[in-house]
Enquirer: 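The structure is given below, and queries will be raised subsequently.
What's counted below: heavy atoms across the whole structure, side chains too, no hydrogens, waters or symmetry copies. Every number for a ligand or one of its atoms is a count from 1 in the order of the listing.
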Amino acid sequence: MTWQGMAESRRIVFCRVSGEAADGDCNALKERTLEGEKTMQLLKEKVMKEGIVLSDQVLKVDSFLNHQMDPVLMKEVGKEFKRLFAGQKIDRVLTIESSGIAPGIMTALELEVPLIFARKQKSLTLREDIYVEKVYSFTKQETNEITVSRKFMQPGERVLIIDDFLANGEAAFGLARIVEQAGAEVAGIGIVIEKAFQPGGRLLKEAGYHVESLVRIAALDNGTVTFA
Ligand code: 5GP
């Protein structure tokens, strides 16, 4: 966590302890936190109403995130990621095509920085002008090469990674390796829906990344979504 992030966390603790203190900073912080809670509630309601449990491992959310996209909800997602990574210097947002693009562009819009999406390709002849990493796709059960053009990421930049789902962490680790290949730094990893019963979140945190997930799912057993 950055110095500013730590200061913000301490401020949140202070505001909680001091309760209803008539402090402008605390009120602003409370408002932002309440907005964040509303976004998570909206997302949970969408998942409950429209999510289709395909198996005890896979959730389909093609009515608002993976095929049809809900721009109003995505706008709130972007605002919430901005709040969660406040105080961090962020030069670019990086995601992976195609389902990461909606939350990614809304986050980039809020932060007023460019969005890059890594392209997925089956196999590739080596080229000098791109960064390449192999990523095993959890849903498609195949390995893709993901690529980012070298001209869109510079050494020393701080890059925020955004994705729609977190399962085993393959996609997020692949994106982080691309950032590191470029000599840039991962500012954080923002995930819309984390399946907390799969190891990605734990592995990314153990690797030292700052991970924020808007909604965490504890289980998808018996066709039912249980939140963590
Ligand atoms: P990971 O790389 O963490 O194993 O899996 C994350 C990637 O796989 C995401 O980019 C997402 O597109 C896809 N994914 C993983 N689990 C699910 C799921 O339950 N539902 C959907 N729609 N996509 C998933």
Enquirer: Taking the side chain from Arg177 and the backbone from Lys134, do they hold a donor-acceptor pair closer than 3.5 Å?
Expert: yes

Enquirer: Measuring from atom 17 (C) of ligand 1, which candidate in Lys195, Gln198, Lys140 has the nearest non-hydrogen atom?
Expert: Lys195

Enquirer: With a 4.0 Å heavy-atom cut-off (strictly under), which part of Val58 contacts ligand 1: side chain, backbone, both or neither?
Expert: both

Enquirer: Among all the protein's non-hydrogen atoms, which is closest to atom 15 (C) of ligand 1, and how far away is it?
Expert: Phe138 CD2, 3.5 Å

Enquirer: If you measure from atom 4 (O) of ligand 1 to every heavy atom of Leu59, Ile52, Thr95, Asn168, which option wins on shortest distance?
Expert: Asn168

Enquirer: If you measure from atom 1 (P) of ligand 1 to every heavy atom of Gly200, Ser55, Gly169, which option wins on shortest distance?
Expert: Gly169

Enquirer: So is Asp164 in contact with ligand 1, going by heavy-atom distances below 4.0 Å?
Expert: yes

Enquirer: Within the 3.5 Å criterion, strictly below it, is a donor on Glu80 or Thr39 matched to an acceptor on the partner's side chain?
Expert: no

Enquirer: When you check the gap from the basic side-chain N to the acidic O, do Glu194 and Arg216 get nearer than 4.0 Å?
Expert: yes

Enquirer: Under a 4.0 Å N-O cut-off, is there an ion pair linking Arg202 with Glu206?
Expert: yes

Enquirer: Please write down residue, atom name and distance for the protein heavy atom closest to atom 22 (N) of ligand 1.
Expert: Asn66 OD1, 2.7 Å

Enquirer: Rounded to the nearest 0.5 Å, what separation is found between the CD1 atom of Ile193 and the CG atom of Leu43?
Expert: 6.5 Å

Enquirer: Suppose we measure from atom 24 (C) of ligand 1 to each protein heavy atom; which comes out shortest, and what is that distance?
Expert: Thr139 CG2, 3.4 Å

Enquirer: Which of the numbered atoms in ligand 1 are under 4.0 angstrom from any heavy atom belonging to Ala171?
Expert: 2 (O)

Enquirer: Check Asp163 against ligand 1 and report side chain, backbone, both or neither, counting heavy atoms closer than 4.0 Å.
Expert: side chain

Enquirer: Got a second to check how far Phe165's CZ is from Gln198's CD, nearest 0.5 Å?
Expert: 10.0 Å

